[in-house]
Amino acid sequence: MLKASGESFAKIILIGEHAVVYGQPAIALPVKSIKLTATLIPRADQQQLIASTFYHGPLAAAKTSNFAGIAHLLRALLTFFGAQQQGFDLMIVSDLPPERGMGSSAATATAVVRAMYQAFAVPLPHATLLRWTAISEKLLHGNPSGLDAATTSAQRPQWFVKHQAPHAIAFPSNGTLVIADTGVAGQTKQAVAAVAARLNADANRYQPKITAIGQAVRQAAIALADDQLCALGQQLNVAQTQLAALGVSTPALDHLIQAAQAAGALGAKLTGSGLGGCMIALAKDHAAAQAIAQALTEAGASAVWQYDFAQSEDHS
Ligand code: MEV
């Protein structure tokens with residue numbers, strides 16, 4: 001084993017969460033200013049030690065719910081490389097707020113797989129990376145679409161359909177997303193299960209909401225291609241209405257969404273699984289984004305970030 005490190009980014013789902021689990025498309029973007037790094041350092045003894053905000057201690061004892069999925073992934077990787085007895089220190093340093101719909105678990109898995117392949121000097125095709133990250137995501141989230149892992153490992157915004165190779169989608173050079181945290185942990189597994197339960201119990205009522213989100217994603221893609229920020233904002237609002245009808249919005253998310261709209265957002269919605277976590281608001285330019293960010297802070301957001309669409313073309 002060599003000393004190695006892997007990197008990944010926060011992800012923001014622009015539109016399409018939940019419906020993507022049922023085969024509809026989604027659009028998501030990596031936020032490269034919010035990073036996660038996993039560093040592996042070989043040890044001469046056989047100790048396998050983890051240092052992260054979720055878990056601190058030996059891999060063998062990593063049975064805590066937050067780290068169990070990554071621990072399982074790590075054991076599978078060590079078996080794959082025939083290195084079950086290899087000693088190492090694994091340090092995970094993350095700017096991502098955990099459980100806020102920013103893809104913290106997928107970003108951790110992505111960086112760990114990258115570090116491990118680099119440590120054994122084996123090239124890592126993207127499709128192989130996504131197969132590995134699915135292992136921990138499945139354990140943590142039950143029925144993941146793969147969108148989070150595809151986006152946290154990407155360099156540019158992604159058009160994603162489950163079971164298909166993701167591909168980059170161009171964004172306009174103007175427009176800013178304001179991202180705000182409710183300060184309440186999101187619950188991906190519970191939210192995905194709640195939508196599944198509703199669909200199971202009353203498909204006639206809930207399936208049209210999934211279809212409507214898919215339709216809003218396709219319209220959003222057209223708006224992005226045509227540089228039509230107002231039209232894009234309307235589709236974000238359509239998606240939010242459907243997500244609320246699916247039962248995954250919360251009063252805290254609704255409160256921030258209303259505050260953003262009152263401050264001039266072109267559209268606003270929750271992002272990620274909902275039931276807590278973050279929301280996004282679309283601003284026509286940087287000045288409008290500042291006003292919305294301030295309104296969100298005043299409305300009680302625990303953290304606010306901005307993402308200029310112009311950043312999406314940055315390949316660095
Ligand atoms: C969670 O970030 C996104 C969901 O659509 C679940 C998934 O795609 O696996 C809610």
Side-chain angles (χ1 to χ4, degrees), residues 7-20 24-36 94-97 100-107 110-111 126 130 133 144-162 164-181 186 213 216-225 227-229 232-233 235-236 239-240 243 260 265-274 277-284 286 289 292-293 303-316:
E7 196 178 73
S8 57
F9 306 117
K11 70 102 212 311
I12 287 296
I13 300 177
L14 180 69
I15 188 165
E17 50 273 271
H18 287 291
V20 69
Q24 298 293 337
I27 302 170
L29 37 101
V31 184
K32 294 199 229 162
S33 53
I34 310 179
K35 254 188 221 170
L36 184 145
S94 176
D95 302 333
L96 279 79
R100 295 297 202 278
M102 283 198 168
S104 174
S105 62
T110 296
H126 197 233
L130 297 186
T133 51
S145 64
L147 172 64
D148 289 10
T151 313
T152 56
S153 63
Q155 292 288 329
R156 300 191 46 202
Q158 300 288 300
W159 172 266
F160 181 89
V161 179
K162 194 174 178 177
Q164 293 181 17
H167 62 82
I169 177 171
F171 267 40
S173 53
N174 56 340
T176 297
L177 277 186
V178 183
I179 306 154
D181 188 352
I213 293 175
V217 175
R218 290 183 193 89
Q219 294 296 327
I222 295 169
L224 283 168
D227 236 334
Q228 294 292 335
L229 291 180
L232 176 61
Q235 298 309 325
L236 300 187
Q240 173 59 25
L243 288 164
L266 301 175
K269 60 181 275 295
L270 67 85
T271 183
S273 66
C278 291
M279 54 74 70
I280 53 171
L282 179 64
K284 67 178 183 333
H286 206 66
I292 293 166
V304 178
W305 300 264
Q306 290 185 36
Y307 175 94
D308 291 332
F309 281 170
Q311 263 171 258
S312 66
E313 290 304 317
D314 173 13
H315 295 261
S316 62

Taking every non-hydrogen atom, the tightest pair across S8 and A107: OG-O, 2.7 Å

Answer yes when K11 and D148 have at least one side-chain N-carboxylate O distance shorter than 4.0 Å, and no when they do not. yes

I280: which of L270, V178, T271, I13 passes side chain to side chain contact (heavy atoms under 4.5 Å, CB included): T271

Distance-only, no hydrogens or angles: does the E17 side chain make a donor-acceptor pair with backbone N or O of S273 under 3.5 Å? no

Is the shortest side-chain heavy-atom distance between L14 and L177 below 4.5 Å? yes

Full working for side chain to side chain contact (heavy atoms under 4.5 Å, CB included) between V31 and L29: CA-CA 6 Å; V31 184; L29 37 101; 4.1 Å; yes

Does the T176 side chain pair with the main chain of Y307, one donor and one acceptor, at a distance under 3.5 Å? no

Check step by step if side chain to side chain contact (heavy atoms under 4.5 Å, CB included) holds for Q240 and M279. CA-CA 10 Å; Q240 173 59 25; M279 54 74 70; over 6 Å; no

Rounded to the nearest 0.5 Å, what separates atom CG in L96 from atom CZ in R100? 11.5 Å

Under a 4.5 Å cut-off applied to non-hydrogen side-chain atoms, are W305 and I12 in contact? no

Sorted by chain and residue number, the salt bridge (charged side-chain N to carboxylate O under 4.0 Å, His left out) partners of D308 (sequence neighbours excluded) come out as none

Does the H18 side chain pair with the main chain of L243, one donor and one acceptor, at a distance under 3.5 Å? no

Flag side-chain contact, heavy atom, 4.5 Å: N174 against F309: no

Closest non-hydrogen atom pair between Q235 and I15, with its separation: O-CD1, 3.5 Å

Kindly give the heavy-atom pair with the smallest separation between A170 and R156, and that separation in Å. CA-NH2, 4.3 Å

At their closest point, which heavy atom of D95 faces which heavy atom of I34, and how far apart are they? O-CG2, 3.6 Å

Do R218 and Q24 have side-chain N/O donor and acceptor atoms under 3.5 Å apart? yes

Minimum heavy-atom separation for Q155 and F9, please, with both atom names. NE2-CE1, 4.1 Å

Holding to side-chain hydrogen bond (donor to acceptor under 3.5 Å, both in side chains), I want the full list of residues that pass it with S104, two or more places apart in sequence or in another chain. none

Euclidean distance, S173 OG relative to Q311 CD, rounded to 0.5 Å: 13.0 Å

Heavy-atom closest pair (A260 atom, I292 atom, distance to 0.1 Å) is CB-CG2, 4.0 Å

With K162 via salt bridge (charged side-chain N to carboxylate O under 4.0 Å, His left out) - residues at least two apart: none

Kindly determine whether V217 and W159 satisfy side chain to side chain contact (heavy atoms under 4.5 Å, CB included), including the steps that lead there. CA-CA 10 Å; V217 175; W159 172 266; 3.8 Å; yes

Under a 4.5 Å cut-off applied to non-hydrogen side-chain atoms, are L232 and L266 in contact? no

Step-by-step side chain to side chain contact (heavy atoms under 4.5 Å, CB included) determination, V304 to I179: CA-CA 6 Å; V304 178; I179 306 154; over 6 Å; no

Below 4.5 Å, heavy atoms only, C-beta onward: do S153 and T133 meet side chain to side chain? no

Rounded to the nearest 0.5 Å, what separates atom NZ in K32 from atom CD in E7? 10.0 Å

